[in-house]
Amino acid sequence: MEFINHKVTEAVCAFRFDPKLNNWDITSFADYYNKIKGLPLGFDKKQEIKPMQFNFQFRNNEPSVNQVLEGETKMVFKNKDENYAILLGNNYISFHTLNHYPGWDVFKNDLIAPSLEKYYSLGLGMGLTSAQMIYINNFDISQNEHLHEYLTFLPNMEQFGEGEELSHMFNSTYRISPNKQLQLKTILNVHEPDHIKKVTLECNCIANNIVNEKDWITLSNDAHDHAKEAFFQISSTHFKDKIK
């Protein structure tokens with residue numbers, strides 16, 4: 001069976017700003033929506049996100065909700081085709097491609113740049129503290145293939161005898177001087193009944209603005225370059241040949 005269905009299912013570029021330098025309040029959601037709904041991509045869909053936290057107590061071995069706490073409200077804006085999204089929060093904004101990835105230049109120039117310009121026009125976005133780039137890759141491999149054939153950091157378990165690869169989970173974080181943190185995650189699960197192995201690979205890099213002189217383009221390019229390089233560094237020649 002051939003290797004199938006590799007794609008970047010989501011790319012995320014996120015920015016955080018110094019709360020001491022910005023006058024954020026709840027009206028900023030509506031103000032930003034009015035700014036971006038007229039953009040060429042047309043962000044005319046919106047949804048409020050209000051996470052909840054439940055604290056439990058156990059009495060007589062029965063759980064009961066002791067306290068319910070509301071998290072920070074955020075808003076998601078999507079375009080008509082729902083292949084792009086913007087997540088807005090308190091001194092936080094992130095840009096998402098959903099189920100496709102058009103490439104970094106298109107992502108940056110067609111989505112991030114015009115949408116950030118609208119954000120800045122509200123008087124927000126002072127004191128950029130970090131840029132983050134996340135690539136989430138999904139691909140399937142067949143039952144008779146092994147994940148170490150695709151990702152170089154995994155051991156070849158076949159050396160211990162013939163067997164079947166059932167699941168895998170890996171999470172590792174690295175500090176890269178002087179200002180970056182890189183995180184790699186991989187998950188493999190076997191999909192019954194055809195035994196196709198479904199793999200998720202996430203390459204995530206945060207570039208911190210430690211000198212307070214870098215603009216969003218410089219900082220996001222830095223995060224993007226290292227997240228992309230991480231993918232190619234851990235991908236085997238076998239994997240790279242299949243996705244050319």
Side-chain angles (χ1 to χ4, degrees), residues 2-17 32-33 35-47 49 74-89 92-121 125 128 130-141 150-151 180 182-187 198-207 214-236 239-244:
E2 293 295 325
F3 168 82
I4 53 176
N5 294 337
H6 169 265
K7 62 178 179 178
V8 178
T9 52
E10 185 172 4
V12 182
C13 188
F15 300 92
R16 292 170 176 82
F17 305 93
Y32 187 65
Y33 174 68
K35 290 280 188 179
I36 62 172
K37 63 183 180 181
L39 289 175
L41 289 175
F43 288 92
D44 54 359
K45 298 182 178 181
K46 57 182 177 178
Q47 178 183 354
I49 300 176
K74 295 181 180 180
M75 290 288 293
V76 176
F77 308 100
K78 294 182 181 179
N79 65 332
K80 182 178 179 180
D81 296 332
E82 295 196 357
N83 56 353
Y84 290 106
I86 301 173
L87 179 62
L88 184 65
Y92 172 91
I93 189 168
S94 59
F95 305 93
H96 304 246
T97 67
L98 308 175
N99 296 313
H100 81 302
Y101 180 60
W104 175 236
D105 287 339
V106 174
F107 185 30
K108 179 172 59 176
N109 296 326
D110 290 2
L111 174 61
I112 300 174
S115 304
L116 262 184
E117 189 277 328
K118 299 299 184 185
Y119 183 75
Y120 289 136
S121 73
L128 176 64
S130 68
Q132 180 178 16
M133 191 70 199
I134 307 171
Y135 284 113
I136 302 172
N137 299 264
N138 285 274
F139 58 94
D140 300 342
I141 59 178
Y150 291 83
L151 302 177
K180 284 172 288 295
L182 178 69
Q183 186 174 50
L184 302 174
K185 295 181 183 179
T186 54
I187 299 172
K198 295 192 170 294
V199 182
T200 297
L201 167 62
E202 179 181 309
C203 300
N204 178 347
C205 184
I206 299 175
K214 294 183 179 179
D215 58 24
W216 75 263
I217 296 176
T218 303
L219 211 60
S220 62
N221 278 334
D222 197 13
H224 159 267
D225 291 346
H226 280 78
K228 180 180 178 181
E229 180 64 19
F231 173 81
F232 285 105
Q233 286 291 336
I234 65 176
S235 298
S236 68
F239 189 8
K240 293 174 190 174
D241 288 343
K242 286 181 176 289
I243 60 177
K244 283 181 179 178

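Sequential numbering from 1 along the given sequence is applied to the chain's residues. What's counted below: heavy atoms across the whole structure, side chains too, no hydrogens, waters or symmetry copies.
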Quiz prompt | Close side-chain approach of Tyr84 to Asp110, heavy-atom, < 4.5 Å | solution = no
Quiz item: Within a strict 4.5 Å, meaning less than it, do heavy atoms of the Tyr135 and Phe231 side chains meet?
Solution: no
Practice problem: For Lys45, look at atom NZ and say whether over 12 heavy atoms of other residues, nucleotides or ligands are found less than 6.0 Å away. | Solution: yes
Practice problem: Kindly determine whether Asn221 and Trp104 satisfy side-chain contact (heavy atoms from CB on, under 4.5 Å), including the steps that lead there. | Solution: CA-CA 9 Å; Asn221 278 334; Trp104 175 236; 2.9 Å; yes
Quiz prompt | Note, Lys74 side chain near Leu87 side chain (heavy atom, < 4.5 Å) | solution = yes
Quiz item: Do Tyr32 and Phe43 have their ring centres less than 6.0 Å from each other?
Solution: no
Self-check item: Pairwise distance CD(Gln132) to OG(Ser220) - rounded to 0.5 angstrom
Solution: 12.0 Å
Quiz item: Is it true that the side chains of Asp215 and Thr218 contain a donor and an acceptor less than 3.5 Å apart?
Solution: yes
Quiz item: Under 4.5 Å between any side-chain heavy atoms of Tyr33 and Lys118, yes or no?
Solution: no
Exercise. Would you indicate whether the side-chain heavy atoms of Ile136 and Tyr101 approach each other to under 4.5 Å?
Key: no
Quiz item: With ring centroids as reference points, do Tyr119 and Phe17 lie under 6.0 angstrom apart?
Solution: yes
Quiz item: Hey, would you say the His96 and Phe77 ring centroids sit under 6.0 Å apart?
Solution: no
Quiz prompt | Pair Phe239 and Phe139, ring centroids less than 6.0 Å apart | solution = yes
Quiz item: Shortest non-hydrogen contact from Asp44 to Asn79?
Solution: OD1-C, 4.0 Å
Quiz item: With distance as the sole test, does His100 use its side chain to make a donor-acceptor pair with the main-chain N or O of Leu98 at under 3.5 Å?
Solution: yes
